[in-house]
Amino acid sequence: MIICSNCQYKNVSGAVFCAECGAQLDGVETLVTQAITDEQVEEELKRKSPRPEPASAPSNSWISLHLMDSGKILPLASRNEFTLGRLSEGQPIMPDIDLTPYQAYASGVSRLHAVVKREGSQVAVMDLGSSNGTYLNGRRLNPHTEEPLSHGDIVALGKLKIQILLRNI
């Protein structure tokens, strides 16, 4: 339990702001957005992990995203285009794939960071003008320019590393 120093309200453990008066609670770090350098991203990408195969993806899933830090695999289905990003409270921007639960904010993921799309048998990724960049196998992508993807490629949204797992399409 955290006691608000402003109004003395008893807040639940882990609260950042007082539920009664809205004041920031004592002892809670202030969240700060920071820029990420190309070198930091490259250093993170050097740490390799095994390339898993998609596990029991839905039959209409043509792509799965392997979130390398958590090991979680997100199978995507039916649509040919997905925006990747994170939610931001009070903002109307909604990505198709919300990476907020996977430390997206701390990793430098923008609200609308990138798009992955399929045209026929070709799959591509495109940075949407993100703050911290999109990287394909360690190389920073130019914004608003599509780059082809292959099975096993590593895409980094800021510091958030995602391995692309493609089914035969």
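Atoms considered below: every heavy atom in the structure, side chains included; atoms not considered: hydrogens, waters and symmetry mates.
Checked against salt bridge (Lys or Arg N to Asp or Glu O under 4.0 Å), Glu20 has no partners two or more places apart in sequence or in another chain. Applying the salt bridge (Lys or Arg N to Asp or Glu O under 4.0 Å) test to Lys159 and every residue at least two apart in sequence or in another chain returns nothing. Partners of Asn80 by side-chain hydrogen bond (donor to acceptor under 3.5 Å, both in side chains), not counting sequence neighbours, listed by chain and number: Arg118. For the side chain to side chain contact (heavy atoms under 4.5 Å, CB included) test, residues two or more places apart in sequence or in another chain that qualify with Thr37 are Glu39, Gln40.
For the residue pair Leu165 and His151, the shortest heavy atom distance occurs at CA-ND1, 3.5 Å. The shortest non-hydrogen separation linking Ala114 to Val125 is CB-CG2, 4.4 Å. Closest approach of Cys7 to Cys21, counting heavy atoms only: SG-SG, 3.8 Å. Contact record, Cys4 with Ala23: SG-CB, 4.3 Å, taken as the closest heavy-atom pair. Of all heavy-atom pairs between Trp62 and Arg79, the closest is NE1-O, 2.7 Å. The nearest pair of heavy atoms linking Ile36 to Ser107 is CD1-O, 3.3 Å.
Between Lys72 atom NZ and Tyr102 atom OH the span is 5.0 Å, to the nearest 0.5 Å. Taken to the nearest 0.5 Å, the CG atom of Asp98 stands 10.5 Å off from the OG atom of Ser88. To the nearest 0.5 angstrom, Ser110 atom OG is 11.5 Å from Leu84 atom CG. Within the model, atoms CG of Leu149 and CD of Gln122 stand 10.5 Å from one another, a figure rounded to the nearest 0.5 Å.
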Tell me which donor-acceptor pairs under 3.5 Å the side chains of residues 10-19 have, and how far apart each pair is, sequence neighbours excluded?
{"residue": "Asn11", "atom": "OD1", "partner": "Ala19", "partner atom": "N", "Å": "2.8"}
{"residue": "Asn11", "atom": "ND2", "partner": "Tyr9", "partner atom": "O", "Å": "3.4"}
{"residue": "Ser13", "atom": "OG", "partner": "Met1", "partner atom": "N", "Å": "2.7"}

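In this structure, the side chains of Ile154 and Met68 come closer than 4.5 Å at one or more pairs of heavy atoms. Between Ile63 and Val116 the shortest side-chain heavy-atom distance falls below 4.5 Å. Side chains of Arg140 and Thr134 form no contact here, defined as non-hydrogen atoms less than 4.5 Å apart. You'll find the side chain of Ile3 reaches within 4.5 Å of the side chain of Gln8, heavy atoms only. A heavy-atom distance below 4.5 Å is not found between the side chains of Leu65 and Ile73. Looking only at side-chain heavy atoms (C-beta outward), Leu160 and Leu99 come within less than 4.5 Å of each other.
Taking Ile, Leu, Val, Met, Phe, Trp and Tyr as members and joining any whose side-chain heavy atoms lie under 4.5 Å apart, directly or through other members, the hydrophobic cluster of Val115 also contains Ile93, Leu112, Met126, Leu128.
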CA sep, side-chain torsions, deciding dist, call: Ser64, Leu74, side chain to side chain contact (heavy atoms under 4.5 Å, CB included): CA-CA 5 Å; Ser64 294; Leu74 305 175; over 6 Å; no

Trace of the side chain to side chain contact (heavy atoms under 4.5 Å, CB included) decision for Gln163 with Asp153: CA-CA 6 Å; Gln163 184 176 37; Asp153 281 347; over 6 Å; no

Pair Asp69-Lys161, side chain to side chain contact (heavy atoms under 4.5 Å, CB included): steps then yes or no: CA-CA 7 Å; Asp69 290 339; Lys161 295 181 290 183; 3.9 Å; yes

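With hydrogens and angles left out, the side-chain atoms of Ser130 and Asn132 include no donor and acceptor closer than 3.5 Å. Between the side chains of Asp38 and Tyr135, a donor-acceptor pair is found at a separation under 3.5 Å.
His113 contributes a side-chain N or O that, together with a main-chain N or O of Gly133, makes up a donor-acceptor pair within less than 3.5 Å.
No continuous path of ILVMFWY side-chain contacts below 4.5 Å connects Val109 to Leu87, so the two sit in separate hydrophobic clusters.
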